[in-house]
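Note: hydrogens, waters and symmetry copies are ignored here, and every other heavy atom, side chains too, is used. By convention in this document, chain letters (A, B, ...) are assigned in the order of the sequence lines, proteins followed by strands, and residues within each chain are numbered from 1.
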Amino acid sequence: MWLLREPWLSLLDAAFVLLIPSNFLILMADSITVPRVRFAPSPTGFLHVGSARTFIFNWLYARHNHGIMILRLDDTDVERNTQQSVDSIFDGLKWLNLNWDEEYKQSDRLDLHRKTAWAIFEKGLAYRDFTPAHAGDAEKSGAQGTWLFNPGARELSRAESDRRAASGEPFALRFRVPRENEANSPTVWGQPPSAVRFAEGKLCVHFKDSVYGDQVKAADDIEDFALLRSDGMPTYHLASCADDADLRITHIIRGQDHLTNTFKHVLIFEAAGATPPQFAHLPLLIAPDGTKLSKRRHGPVVSVTTYRDAGFLPEAFINFLCLLGWSPKNDRENLSLQELQDAFSLEGINRSNAVVNFKESGSAVSSAAPNGDVIPTAREASGRNLLLVTEETFDPKALWLNAEHIRALPVESLSDRLLPIVRAEGWDVSPDKMLRVTSLIRERIKLLRDVLTTANFFFVKQLPPYDSAELIPQKGDAAMALKALMRAREILPNVEFRHDPLDHALRTAAQELGLKAGQMFQPIRVAVCGRKNAPPLFETLEVLGRETTLDRIAQAIAKLQ
RNA sequence: GUCCCCGUCGUCUAGCCCGGCCUAGGACAUCGCCCUUUCACGGCGGUAACACGGGUUCAAAUCCCGUCGGGGACGCCA
């Protein structure tokens, strides 16, 4: 399952063998180092569109720079992780059809995390906190500002700490964030390159973000965060950094909600003796109401599978997501995957949050589960059920892009994608007929599932009921409709069912009846399609065939009489 | 509450770093016209934005300060 590719390592080995001077080797290693990026979802729900975008940006960065894409399941929260969620995330990623090169699971690497934590402890950069969990939670986020540490815990002597631990007393391991008044405590701070330094007379933590620029935060605004919980499990911060260091991640591209966490991460990296990777934080995706997208509040629009089931093309969906918070800066918007890959760069990412512009529908709220964080059930996930998700559920630009990508597809491949959807509806269609129908509807659908409504009359034996008033043409009456239809019934048995002969025959018939072409065509169109809006008439008749056409015209005549 | 980030048409954005080519460009949506047997596609055009207030400067969307507004983070969640 683990695909390990380390081309640069073997190159290094080769260099050693060749006895290349070491200074040259360093240069070489530098220039050869392959970017390594990761997408690290935690399996506590379905695949969120925001996560999908993070994944896509990582992927684009990796592929653009000939780097390595890593998928890592951040599953250290035993309480909330579910296999169902893992499956759901893989479902979404599989649909996106973007591959990755290596795959890991944090729960397989707990030893590494603990080792890293205790190494930090041994350096004096972490301490045991015997304060019971959640003690004083109520006041914490209250009026008196940032909570920094539990009283007394920091000062506990090593001997006392060891004694209490040995006696079996539970404790959490906390990071000893450097404080000004104890700058001389046993630490390794100050060894360059260090993120900790004085700025404007204050002890500060610093890092550079590729998107947001230089970031500085006073150490006094960073609390002594936990590394290990009292049950011995690593926290997110620790596990994430230990793994990023161990996996030699070079660039961390993630949501801006992690921007302030990064100060902590930089501290962990340096305490663990690792060089922090390059960070790039992405602006957040928000809902029209201005808040972070959430399943509970905003419904199915935030789940990737909703887009899949509604008939988005993965490449269109990717294209859409890329345009939220990133721009190629050349006014191009409709881009293929390859074009995105070629154009992508961190410089094109902007800093302000982007609104996913959908209409908030009442049904969305009711269909969301009470805890808001659940995976769609099999029923919900099935395409049929999602017909309830209306077109206005989606950002109009996403819809437009999807339509563009649909039209850009060769008819054959579009037809191949449409066929299973039509068959799932229970309609038996040959690939040949599907192909012919496809070329008639490809400029008329925005979502793949639209084939079900736009082209239904090609597939059903019996037309759904329609109002006979529809048959009456512009500036005409029932008598006119009847006249047109009866004439059609008369001549069609002897006309070859191809575009030109049909065109000629029906136009002549209209002339003879003293009707405008439109007045002749409309009753026929409604008779065979069951509605006014449909693909061009002659091509439609051609696909439908003589028998069906005449049958439906006869039915329409009966309706009018 | 504390800290961090952000603020150009309804929405996504270009321009901002390196002030003048910006009477602010593109796209979606919207409205109108054209094409047309309906719908769609396509073509043409319209409406529509530099959050506000002060500086600096011959000149500010672009630089500085402040205000307001929005978002995020402050867990033994990730």
By side chain to side chain donor-acceptor pair (under 3.5 Å), which residues pair with [X], not counting sequence neighbours?
X	answer
A/Ser161	A/Arg128
A/Glu404	A/Asn334, A/Arg407
A/Asp331	none

Pairwise N/O distances under 3.5 Å, protein to nucleotides 50-52 of chain B:
none

Results of ring-ring contact (aromatic ring centres under 6.0 Å, His included) for [X] - residues two or more places apart only:
X	value
A/Phe312	A/Tyr307, A/Phe394
A/His258	A/Tyr236
A/His281	none

### Summary
Reading nucleotides 16-36 of chain B from 5' to 3' and marking B where a protein heavy atom lies under 4.0 Å of the base, S where only the sugar-phosphate is that close, and - otherwise, the string is ---------BBBSS-------
Nucleotide N/O of nucleotides 66-72 of chain B paired with protein N/O under 3.5 Å:
{"unit_1": "B/G71", "atom_1": "O2'", "unit_2": "A/Asn353", "atom_2": "OD1", "d": "3.1"}

### Message
Near RNA chain B, counting only heavy atoms under 4.0 Å, which residues of residues 70-77 of chain A show up?
### Response
A/Asp74, A/Thr76, A/Asp77
### Query
Within the structure shown, what part of the strands sits under 4.0 Å from A/Pro535 by heavy-atom distance: base, sugar-phosphate, or nothing?
base
### Message
Under the rule for salt bridge (charged side-chain N to carboxylate O under 4.0 Å, His left out), what residues qualify as partners of A/Glu470, not counting sequence neighbours?
### Response
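Here no residue qualifies.
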### Query
Looking at residues at least two apart in the chain, or sitting in another chain, which of them share a salt bridge (charged side-chain N to carboxylate O under 4.0 Å, His left out) with A/Arg332?
A/Glu339
